[in-house]
Amino acid sequence: MPTHLSYEFNTPVYKGSTSFETGLFIDGKFVDGSTGSTIDIINPATEQIITSVSEGTTADVDAAVAAAQRAYDTVWGLNASGLARSNLLWKLAQAMEAHADELSAIEVLDNGKTFGWASSTDVALSINVVKYYAGWADKLTGQTLEQTDSKLLAYTRHEPIGVVGQIIPWNFPLLMFVWKIAPALATGNTIVLKPSEFTPLTALRMCTLINESGFPPGVVNVVTGYGHTVGVAISSHMAIQKVAFTGSTLVGRKIMEAAARSNLKAVTLELGGKSPNIIFDDADLEQAVKWATHGLFWNHGQACCAGSRIFVQASVYDSFLERFTEKAKQIKVGDPFDKGVDQGPQISQNQFDRVMGYIESGKNDGAKIHLGGGRVGNEGYYIEPTIFVDAKPEMRIVKEEIFGPVGVVIRFEDEEDVIRQANDTMYGLAAAVFSKDINRAIETAHKLKTGTVWVNCYNNFHPGIPFGGFKQSGIGREMGEYALHHYTNVKAVHINLGNVL
Ligand code: NDP
């Protein structure tokens, strides 16, 4: 009997209940893993066990791939029209809308993000992403290509790849699930997906919605389990033709190695960042402070695009720092199901220790803590919003992704100085520029080596706008038309209309 979660939410911001199976989702059914073992799922706000999920193995990945291949060969892939795929995705979006609050509550319970953010960002954007790709599913076209010889016709078809593997992290569990499955399904692929072992619950709840929406069994398969077993099995599987991963640069490298060593499957990676947020002296300082606070502390700093290096022009440095500190002090840290709370706990003991380790390293290296730096309470993985000043470029807190509510505020002199400092990183995911001079802002945006630049804002996302990294922040793009290209193979067909040999 697969494991099961029944939970009553009786909280200040949400009252309701949820009930769903937490086994492996293979061929449209929830099943136990081949060994019968389970993984405990911890509530990061209380450190208590919420439930357990099945622990998948290599054998379970094999079963999921076989189901995905069967579905691809019979009821999906080239056997399902774009319109049929579009209709199913649209039904899924409607099912998500009908269960939006429940999905938000599960995400809060499992991940620790606040209910307000879970519903206004994670769930709302997820629904829009599914709708966006429902719109694409019946509008995929190739090209007809001109040749000098009029007796030759050539055209291209964008065919699905087949069975694709997807591995997602714990910081935006539902959103990453949807960013991955929606373009893959729109283009006709079948899926074997591994959620993070820390946050598999919304993915499993989505599996029941996928069934209820009418997707044929085997089109989406979810194998919960550890990275070193299930993740390795997916990335090295000989029958999986493409793998998409979001997570650390360290693991991204392992995925690429596994792909190279097995069947040279296509790889897309959405990895870490150390994003610069640049505040020029002519910026609207009040707005810059608000956006910088959101840019750094959103999702407790557990965002790949977190604006964790804040560069401020020398003449406004002191006044920015004063206002930014005041704003950060107003962030209410606490139970993510409480009203008025802005920041919940970090995801796990591991991440808590890791972030506190970075805070220690900053202090030991000689940077100054301007705000925070400590734990909040003694239950749950809560960390104070933390601001460092007087940091040097070679310090770990300036170079490495901390993935917590910790940022450094750094002074710069002029455009040339800040472009050099901002680009002095192995990462290239996102950046922001604040200035009232649009020429200056655009010129700076074009010189930054990052996949996204926000001008006078931060963390804007839209299903139609691509997101992904330069340099070691990744390969490929999520969302938009761009993501579709990663899920199709282009076939060129040459027709001879009368040439003879
Ligand atoms: P990881 O990159 O280790 O985990 C992401 C996903 O990859 C999880 O599902 C994980 O499974 C899986 N995984 C781990 N090892 C392998 C492997 N060898 N082959 C295939 N899959 C694997 O992130 P962590 O949770 O360890 O976080 C560490 C750091 O990574 C963070 O502090 C942050 O800096 C960065 N990170 C970046 C994210 C982003 O959005 N760019 C998201 C999450 C983390 P399992 O859960 O079992 O480990």
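These numbers were taken from a predicted model, which means no experiment stands behind them. Both backbone and side-chain heavy atoms feed into the values below; hydrogens, waters and symmetry mates do not. In listed order, ligands and their atoms are each counted from 1.
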Y358 meets the ring pair (Phe, Tyr, Trp, His ring centres under 6.0 Å) criterion, sequence neighbours left out, with none

With sequence neighbours excluded, tell me which residues meet ring pair (Phe, Tyr, Trp, His ring centres under 6.0 Å) with H446. none

Taking salt bridge (charged side-chain N to carboxylate O under 4.0 Å, His left out) as the definition, give me every residue that meets it alongside R420, ordered by chain and number, with sequence neighbours left out. D417

Measure from the side-chain N and O atoms of N189 to the backbone N and O of I161, and report whether any donor-acceptor pair falls under 3.5 Å. yes

Look only at the side chain of K194 and the backbone of V223, and say whether a donor-acceptor pair between them is shorter than 3.5 Å. no

Identify the protein atoms, limited to N or O, that lie within less than 3.5 Å of an N or O atom of ligand 1, and list each pair with its distance to 0.1 Å.
from	atom 1	to	atom 2	distance (Å)
ligand 1	2 (O)	S248	N	2.7
ligand 1	2 (O)	S248	OG	2.7
ligand 1	9 (O)	I168	O	3.0
ligand 1	9 (O)	K194	NZ	3.0
ligand 1	11 (O)	K194	NZ	3.0
ligand 1	11 (O)	G227	N	3.4
ligand 1	25 (O)	W170	NE1	2.5
ligand 1	32 (O)	Q351	OE1	3.3
ligand 1	32 (O)	Q351	NE2	3.1
ligand 1	32 (O)	R354	NE	2.9
ligand 1	32 (O)	R354	NH2	3.3
ligand 1	34 (O)	E401	OE1	2.8
ligand 1	40 (O)	N171	ND2	3.3
ligand 1	41 (N)	G247	O	3.3
ligand 1	41 (N)	L271	O	2.9
ligand 1	46 (O)	E197	N	3.4
ligand 1	46 (O)	E197	OE1	2.8
ligand 1	47 (O)	E197	OE1	2.2
ligand 1	47 (O)	G227	N	2.6
ligand 1	48 (O)	E197	OE1	3.4

How close do L24 and G33 get, heavy atom to heavy atom, and via which atoms? CD1-CA, 3.5 Å

